[in-house]
J.: 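Below: one structure in structure tokens.
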Amino acid sequence: VLPEFRGKGYGVAQVKEVLRILKGRGFRKVMVTTGEHIFFQPAQKMYKACGFEELERGYVDEHSLYGTVTYEYELE
């Protein structure tokens with residue numbers, strides 16, 4: 001979501017709609033990964049606001065400067 005539109009619920013609404021569709025199609029769990037860098041803090045906040053739980057932190061490979069954060073959401 002572009003910075004000027006953040007904080008208005010658009011990102012949360014989009015994610016919740018995708019979760020609704022996935023649940024309707026029989027999915028039971030959703031996992032997402034975002035960056036650990038400060039640039040990705042809005043995405044981290046959004047996933048938490050949608051009910052995602054942090055699962056793990058790691059790195060893509062040994063050359064990565066910044067880590068990743070993986071979240072999980074149970075649909076049932």
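Positions are given from 1 along the sequence. Hydrogens, waters and symmetry mates play no part in the numbers below; they use all other heavy atoms, side chains included.
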J.: Residues in side chain to side chain donor-acceptor pair (under 3.5 Å) with R6, at least two apart?
T.: none
J.: Check the hydrophobic clustering (I, L, V, M, F, W, Y; side-chain heavy atoms under 4.5 Å; chains of links allowed) and say if M31 and V60 are grouped together.
T.: no
J.: Quick check: is L55 connected to Y59 through a chain of hydrophobic side chains (ILVMFWY, heavy atoms under 4.5 Å apart)?
T.: no
J.: Return the set of residues passing side chain to side chain contact (heavy atoms under 4.5 Å, CB included) with R57 (not counting sequence neighbours), or none when no residue passes.
T.: E36, E54, V69
J.: Could you give the distance from OG1 (T34) to CD (Q41), rounded to the nearest 0.5 Å?
T.: 10.5 Å
J.: Going by side chain to side chain contact (heavy atoms under 4.5 Å, CB included), name the residues that satisfy it together with T33, two or more places apart in sequence or in a different chain.
T.: T68, T70
J.: Measuring from atom CD of E53 to atom NZ of K48, what distance do you get when rounded to the nearest 0.5 angstrom?
T.: 10.0 Å
J.: Applying ring-ring contact (aromatic ring centres under 6.0 Å, His included), can you list everything that pairs with F52, at least two apart in sequence or on another chain?
T.: Y47, Y73
J.: Can you measure from SG (C50) to CD (Q14) and round to the nearest 0.5 angstrom?
T.: 10.0 Å
J.: Give me each pair satisfying salt bridge (charged side-chain N to carboxylate O under 4.0 Å, His left out) with a member in residues 58-73, each pair once, sequence neighbours excluded.
T.: K29-E72
J.: Strictly by salt bridge (charged side-chain N to carboxylate O under 4.0 Å, His left out), give each pair with a member in residues 8-19 just once, sequence neighbours left out.
T.: E17-R20
J.: My understanding is that only one of L19, V15, V18 makes a side-chain contact (heavy atoms from CB on, under 4.5 Å) with V30; could you say which?
T.: L19
J.: Would you say CD1 of I21 has more than 12 non-hydrogen atoms from neighbouring residues, nucleotides or ligands within 6.0 angstrom?
T.: yes
J.: Please name all residues satisfying side chain to side chain donor-acceptor pair (under 3.5 Å) with E4, sequence neighbours left out, ordered by chain then number.
T.: none
J.: If hydrophobic residues (ILVMFWY) are linked whenever their side-chain heavy atoms come closer than 4.5 Å, directly or via other members, who joins F40 in its cluster?
T.: F39
J.: Sorted by first residue and then second, give each ring pair (Phe, Tyr, Trp, His ring centres under 6.0 Å) pair with at least one member in residues 9-37; sequence neighbours left out.
T.: H37-Y66
J.: Looking only at heavy atoms, which two atoms of A49 and V12 are closest? And how far apart?
T.: CB-CG2, 4.1 Å
